[in-house]
Each structure stands twice: as C-alpha cells, then as structure tokens.
Protein chains: 2
Amino acid sequence: MNQKIKDLVEILKEKNIKPSYQRIKILEYLVLKKNHPTVDEIFKDLVKEMPTLSRATVYNTLDLFKRSELARVVTIEDNETRYDAEVSVHGHFKCENCGTIFDFPVDEKALYSDALKDFMITEKNVYFKGICPKCHNTNK
Amino acid sequence: MNQKIKDLVEILKEKNIKPSYQRIKILEYLVLKKNHPTVDEIFKDLVKEMPTLSRATVYNTLDLFKRSELARVVTIEDNETRYDAEVSVHGHFKCENCGTIFDFPVDEKALYSDALKDFMITEKNVYFKGICPKCHNTNK
DNA sequence: GTATCATTTTATAATCATTATAAATACCTA
DNA sequence: TAGGTATTTATAATGATTATAAAATGATAC
C-alpha cells in the first residue's frame, strides 16, 4: 500500500506534476479501477473519502493527466467523457445493454493506410459497440 | 436537380420515413456535403433557406436517420456530435489545427480480434487525430 | 370539400456535462 | 514566519442536447 502510493508519486514526479493528495488519489483511482470511468464516476467515488473534493479539481486533474500522457480520453458516447490510465493503442468495446467497456487488442500495423502517409498522427482510437456475451445470453 | 430530389425521396421511403420537406433537405445536406457536419453547422446552413427551421427538428431528424441507418454518428470530440451519410466502415482523421475531417479506408478484417469472438458487434469506429499535410507544411 | 385524427415541426424551457472565475487553502522558499 | 506561487474549492456561466406542449401539416373518412 505504501509502496503503491510511493509509485504513484514517482509517476507524477516523472511528469513534473506536483503530487498533491487529490492528484495521487485520482491517479490511483484510474490505475486501480480499469473500467474507464466517467468524470462523474470518479468524482462520486472519491468524494466519499474526500468530502471537500470539487468536480473542478477532477476535471482539471484529468486534463492535466491527458496533457502529460498519463491518461487518455475514451470518447465513445458524445455525452460522457471517460478516462483510461492505459495509454497504449488498444480498442474499446461498449456493450449497449449493460454499458460495460471491454478492452481488446488492436494490431496497429493493420490500421495503417496509404491515404494517411503525409499525415502526422498523434492519436489512434478504435471503438466498437454491440452486445457483450453475458447480455447476449441473458436476453436470449 | 429534380431527379436528385426524387432520389432522396426514394431513399426516405425505402426506410419508411415520410419525406417531409425538412427531412429531404437535411438528407440532401448530408449527402451533398461530405464534410461530417456538426448539428449546429447543419442547422445554421439550412436555416438560411428555411427560416422557420428549428434546432429540435434537426436533432430529431438526425436521430431518426441514425436509427434507420441512413446516417451514422461521428464521435471524435466529446463536445460536438457529427453526422455522416456514408454508413460503411471507414476511418476518420481530424486535423487538430484546422479541424478538417478526412476519410480513410479501413481494412475491416484487420480489425478482427479473437477477444471479441463471442461479442455481437453492431458498430465499428476508427478515428485518428493529428496534423494534416496542409497544416503541417504551413506551420513548418 | 370538410371534419377528424395522427404525424411532424416549432418554440421554449429544462437538463446536464463542462468550463470559467474568483476566493480560499496549501505549499515552497527566503 | 512572511510572502509569493500553485492548487483546490465553490459557484456561476456556457453550450449542446433533450423534453414539452402548442401549432402546423398531412392523410383519411365521410
């Protein structure tokens, strides 16, 4: 536990981010909960143990993490921004029934297109929607 | 021109959508302008020739088109929903400098992942961000 | 052709995620 | 400890989207 907190502090320091209590907790949340939480989910969970936490802090911190490449935005629905501490290229599948988001591997080479040979690519996103196996079986 | 309108009416009828003037014009806009417009862009352009047009109609109609698979949502930024009359699987590249959105081909087979073999996939989305050749050269 | 009913559109208000602002707090250095 | 900077907080403002109810349009039966 202490070790883990220490790791989080190190991660922040490497990115020249001052490790405030709020930042450590938000980073910890992202790293431990790998369920691509929305801003609101992060806020509502963390405010339980940090009653003075402000939504603005959550927004500011996530934006800071994004700019520092500690987290990436997962845009699947236009009305909820999610965050993911796993910044490598991978796909997201969202079940339209239960809302769960699953990761899946993406072959980056396969995504290459000649049409983009003169483009400077800074971000690659792949997401699918549909019904996950669990919901598919239940509904049948 | 008349022929084209007639085609649009046919497209709507095939989906069992009554071809009202507003629906024809919005579909025409999507089909002719292939620039993945936002709802606001569609509204602001069309209200010029249809002064009584309401934003609600644009929202309702686009939602109807989406459900009827006449258009697909292009979610790239979380604060602007775009629409595309091209419903086949293809990628979108958004230039972070000029905002232009480019289409590029995507090899659907290459996107296949064993991890999703038990999932029912209804929608596949690929989008990249970066700098387009034009902006890249200008800024250099 | 007119009355009736259903559909579509419109205008407006409500909602909700996000951003902006300014004050309060915490942190750092001299 | 004092003074200055960075961070957090509370609150208000913004802006896209959705909800609601009235008005307009269109279709059908008589």
Side-chain angles (χ1 to χ4, degrees), chain A residues 8-9 11-13 15-29 36-68 70-84 94 99, chain B residues 5 8-9 11-13 15-29 36-68 70-83 94 99:
Chain A
L8 295 169
V9 170
I11 291 171
L12 291 170
K13 280 186 179 168
K15 298 285 186 178
N16 286 317
I17 296 173
K18 290 192 186 166
S20 72
Y21 183 62
Q22 289 84 343
R23 288 167 174 174
I24 292 169
K25 289 311 246 179
I26 292 171
L27 181 58
E28 182 186 46
Y29 189 91
H36 317 83
T38 62
V39 179
D40 210 54
E41 285 166 356
I42 298 169
F43 172 76
K44 285 197 175 129
D45 276 352
L46 290 182
V47 81
K48 291 172 195 163
E49 40 178 325
M50 307 162 68
T52 69
L53 181 67
S54 160
R55 271 199 171 74
T57 300
V58 180
Y59 277 102
N60 290 339
T61 303
L62 291 170
D63 190 58
L64 176 65
F65 288 177
K66 180 179 76 178
R67 293 198 313 275
S68 307
L70 280 180
R72 64 154 37 201
V73 176
V74 179
T75 303
I76 297 183
E77 306 292 345
D78 45 10
N79 60 342
E80 53 175 34
T81 303
R82 295 171 177 276
Y83 282 84
D84 188 351
K94 178 171 182 180
Chain B
I5 294 289
L8 295 169
V9 169
I11 291 172
L12 291 170
K13 281 186 179 167
K15 298 285 186 178
N16 287 317
I17 297 173
K18 290 192 184 164
S20 71
Y21 183 63
Q22 288 85 343
R23 289 168 174 173
I24 292 168
K25 289 310 248 179
I26 292 172
L27 180 59
E28 182 187 44
Y29 189 90
H36 317 83
T38 63
V39 178
D40 209 54
E41 285 165 356
I42 298 169
F43 172 76
K44 285 198 176 128
D45 276 351
L46 290 181
V47 79
K48 291 173 194 163
E49 38 176 328
M50 308 162 67
T52 69
L53 181 68
S54 160
R55 269 199 173 75
T57 300
V58 179
Y59 277 101
N60 290 339
T61 303
L62 291 171
D63 191 56
L64 177 65
F65 287 177
K66 180 179 77 178
R67 294 198 313 275
S68 307
L70 280 180
R72 63 154 39 200
V73 175
V74 180
T75 303
I76 298 183
E77 306 292 345
D78 45 9
N79 61 341
E80 53 175 34
T81 303
R82 296 170 177 275
Y83 284 84
K94 178 171 182 180

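Every heavy atom of this structure was used, including side-chain atoms; hydrogens, water molecules and symmetry mates were not. Naming convention: chains lettered A, B, ... in sequence-line order (proteins, then strands); numbering from 1 in each chain.
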Rounded to the nearest Å, what distance is computed from the CD1 atom of residue B:Ile17 to the P atom of nucleotide C:dT8?
9 Å
Could you give the CD-to-C1' distance, from A:Gln22 to C:dC27, as a whole number of Å?
12 Å
Taking the side chain as every heavy atom from C-beta outward, state whether A:Tyr83 and A:Val74 have any pair of such atoms under 4.5 Å apart.
no
Can you tell me how far apart CG (B:Leu12) and OG (B:Ser20) are? Round to the nearest 0.5 Å.
8.0 Å
For A:Lys44 and C:dC16, what is the distance between atoms NZ and P respectively, to the nearest whole Å?
10 Å
Separation between CG of A:Asp78 and CD1 of B:Ile76, rounded to the nearest 0.5 Å
12.0 Å
Relative to the 5' end of DNA chain D, which residue comes earlier, B:Tyr59 or B:Lys18, by the nucleotide with the nearest heavy atom?
B:Tyr59
Measure the CD1-CE distance between A:Ile26 and A:Met50 for me, rounded to the nearest 0.5 Å.
6.5 Å
Would you please confirm or rule out a distance under 4.0 Å between OP1 or OP2 of C:dT8 and any side-chain N or O of B:Arg23?
yes
Span of DNA chain D in contact with chain B (heavy atoms, under 4.0 Å):
D:dA16 to D:dA19
Distance test, side-chain N/O of B:Ser20 to OP1/OP2 of C:dT9, below 4.0 Å
yes
Are B:Arg55 and B:Lys44 close enough that some pair of their side-chain heavy atoms sits under 4.5 Å apart?
yes
Nearest-nucleotide wise, let me know which of B:Thr57 and A:Thr81 is further upstream toward the 5' end of DNA chain C.
B:Thr57
Counting C-beta onward and ignoring hydrogens, is there a side-chain heavy-atom pair between A:Lys25 and A:Glu49 closer than 4.5 Å?
yes
Rounding to a whole Å, what distance do you find between A:Lys13:NZ and C:dC28:C1'?
14 Å
With a 4.5 Å cut-off on side-chain heavy atoms, are A:Ile24 and A:Val9 touching?
yes
Whole Å only: how far is the CD1 atom of B:Ile26 from the C1' atom of C:dT8?
12 Å
Need one value for A:Asn79: base, sugar-phosphate or nothing, where a base atom within 4.0 Å counts as base even if backbone is also close, heavy atoms only.
sugar-phosphate
Separation of C:dA17 atom P from A:Ile42 atom CD1, nearest Å, is 14 Å
Between B:Thr61 and A:Glu80, just flag the one whose closest nucleotide in DNA chain C comes earlier from the 5' side.
B:Thr61
Separation of C:dT10 P from B:Arg55 CZ (nearest whole Å):
13 Å
Give, ordered by number, those residues of residues 46-53 of chain B having at least one heavy-atom distance below 4.0 Å to an atom of DNA chain C; if nothing qualifies, reply none.
B:Thr52, B:Leu53
Test log, rule side chain to side chain contact (heavy atoms under 4.5 Å, CB included), inputs A:Leu62 and A:Thr81:
CA-CA 11 Å; A:Leu62 291 170; A:Thr81 303; over 6 Å; no
Checking the side chain of A:Arg23 only, and the main-chain atoms of A:Thr61 only, is there a donor and an acceptor separated by less than 3.5 Å?
no
Expressed in angstrom and rounded to an integer, what is the separation of A:Phe43 atom CZ from C:dT18 atom P?
13 Å
